Amino acid sequence: MFSLMQAARLESLHLARDPDSGLQAIIAIHNSHLGPALGGCRYLAYPDEQAALDDAVRLARGMSYKAALAGLPFGGGKSVILRPAHIPSRAQLFEAFGRMIDSLGGAYITAVDSGTSSADMDCIAQTTSFVTSTTAAGDPSPHTALGVFAGIRASALDRLGSDDLQGLRVAVQGLGQVGYALAELLVAAGAELYVSDLDSGRVQLAVDELQARPVAAEALLATPCDILAPCALGAVLNPATVAQLRCAVVAGAANNQLSSLEVADALERRGILHAPDYVINSGGLIHVALTYQGAGAAAVTAHLSRIGGRLSEIYAHAKADKRAPARVAEALAEQLLYAR
Ligand code: NAD
């Protein structure tokens, strides 16, 4: 346990169980140098307890880096609730989780993530005030899509010489909450869309509404295009898939796109520009953080609009240092997180 914490430079780990509601939860706080830890709550059926713990720790670390580079006064944390086969009441479970969060006195603030909804956040809000992305606060996904769109334009400018997406071929993997909203923005900007999703209904919707060209899920990464936007899975970029890519830029919403940092070097060697995921997909976190602080829509929009500029700065550093953008982003985040 402590060696895992040490390897991830985790500040603290909190476990709780509540037999009445069936709650078994883990809260991982990675770094609170810049502020209280903010990060979503996953509610998933993990294969075992170690898998749940690893997920919480890995994701908490990512949140610290994301908040730091987004210039937010928050640290990084994440929680996971192990989804049991049966529970007496979902509301009771999330209320019990709210009591766990409350016992930390504001060290951790939660939000929606895989397997949770704004309605679950409303239940958590019954027992703690350290919660955001409730139904009143709104869905962060459209804000993530807006940030990714701005990041795609900045990446196109850097690698293709213009941020005008008119006529560019963009391949979007995953048409979920973020991917579909991004596809709508891309089509409105004149891009030619290639799409895949395991859910054929989502693909058909994009074909009907956005005149997208459908691509089989297994063929999407090798589709010739200008920009590939992974908006589905983690670890989509690994030594095997990098060899297949036929694009100039990879810029999308998915978290933890690289199976390892060495893959960023492989992309660089292939001349493919990769937008570091926790920079380009920070729009949702920006929305969640600013609404938690009571900021209005104009402040969120202004903060979101800085994502493109931040990526351009990272690309400029990367070029000057002859390093992959992901390596530059990591070094910049660590300067902020560990400055004393
Ligand atoms: P989602 O679950 O709504 O959508 C994911 C979509 O990907 C689903 O439609 C699913 O069918 C599809 N998919 C899964 N495997 C696929 C495959 N092999 N090929 C093609 N499609 C596949 O999730 P989301 O909220 O849209 O998030 C997408 C990604 O962005 C995730 O990696 C998530 O962690 C990340 N992200 C989301 C947000 C947010 O605000 N929702 C913020 C930051 C990062």
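Counting starts at 1 for both ligands and their atoms, following the listed order. What you see is a predicted model; the values in this text were computed from it and never measured.
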Review point. Between Lys78 and Asp113, is a salt bridge (charged side-chain N to carboxylate O under 4.0 Å, His left out) present by the stated rule, with each step listed?
Key: CA-CA 9 Å; Lys78 207 82 173 186; Asp113 206 302; 2.6 Å; yes
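Counting only non-hydrogen atoms, the option in Ser133, Gly40, Gly115, Cys231 that gets closest to atom 29 (C) of ligand 1 is Cys231. When the heavy atoms of Asp277, Asn281, Leu182 are ranked by distance to atom 43 (C) of ligand 1, first place goes to Asn281. In this comparison of Val236, Asp113, Thr144, the heavy atom closest to atom 42 (C) of ligand 1 sits on Thr144.
Short contacts between ligand 1 and Ala254, defined as distances under 4.0 Å to a heavy atom of the residue, involve ligand atoms 29 (C), 30 (O), 32 (O), 35 (C).
On a distance-only criterion, Lys66 and ligand 1 share no N/O pair closer than 3.5 Å. Considering backbone and side-chain atoms alike, Ser141 places an N or O below 3.5 Å from some N or O of ligand 1.
The closest donor-acceptor contact from the side chain of Arg270 to the backbone of Leu245 lies under 3.5 Å. Of the possible donor and acceptor atoms, one in the side chain of Ser133 sits under 3.5 Å from a partner among the backbone N and O of Val112. One N or O on the side chain of Thr241 and one on the backbone of Val236 form a donor-acceptor pair closer than 3.5 Å. The backbone N or O of Glu49 sits nowhere less than 3.5 Å from a side-chain atom of Gln24 that would complete a donor-acceptor pair.
For the residue pair Asp120 / Ser117, a side-chain donor-acceptor distance below 3.5 Å is found, with atom types taken as modelled.
Protein heavy atom at the shortest distance from atom 37 (C) of ligand 1 is Val178 CG2, 3.8 Å. In terms of protein heavy-atom proximity, atom 31 (C) of ligand 1 is nearest to Ala232 O, 3.4 Å. Summary of contacts: the protein heavy atom closest to atom 17 (C) of ligand 1 is Leu198 CG, 3.7 Å. Closest to atom 35 (C) of ligand 1, if we only count protein heavy atoms, is Ala253 O, 3.4 Å. Nearest protein neighbour of atom 4 (O) of ligand 1, counting heavy atoms only, is Gly176 CA, 3.2 Å. Regarding atom 34 (O) of ligand 1, its nearest protein heavy-atom neighbour is Asn255 ND2, 2.9 Å. Of the protein's heavy atoms, Asp197 OD1, 2.6 Å lies nearest to atom 11 (O) of ligand 1.
The side chain of Leu233, and not its backbone, has at least one atom closer than 4.0 Å to an atom of ligand 1 (non-hydrogen atoms only; side chain from C-beta on).
At a distance under 4.0 Å, no protein heavy atom can be found next to atom 23 (O) of ligand 1. Atom 2 (O) of ligand 1 lies below 4.0 Å from none of the non-hydrogen atoms of the protein.
The line from NE2 of His274 to CD1 of Ile280 is 8.5 Å long, rounded to the nearest 0.5 Å. Considering OG of Ser162 and CG of Leu157, their distance stands at 7.0 Å, rounded to 0.5 Å.
The two residues Leu165 and Ala156 make their nearest non-hydrogen contact at CD2-CB, 4.0 Å.
Ion pairing of Lys319 with Glu268 is absent here, as no side-chain N (NZ or NE/NH1/NH2) approaches a carboxylate O to less than 4.0 Å.
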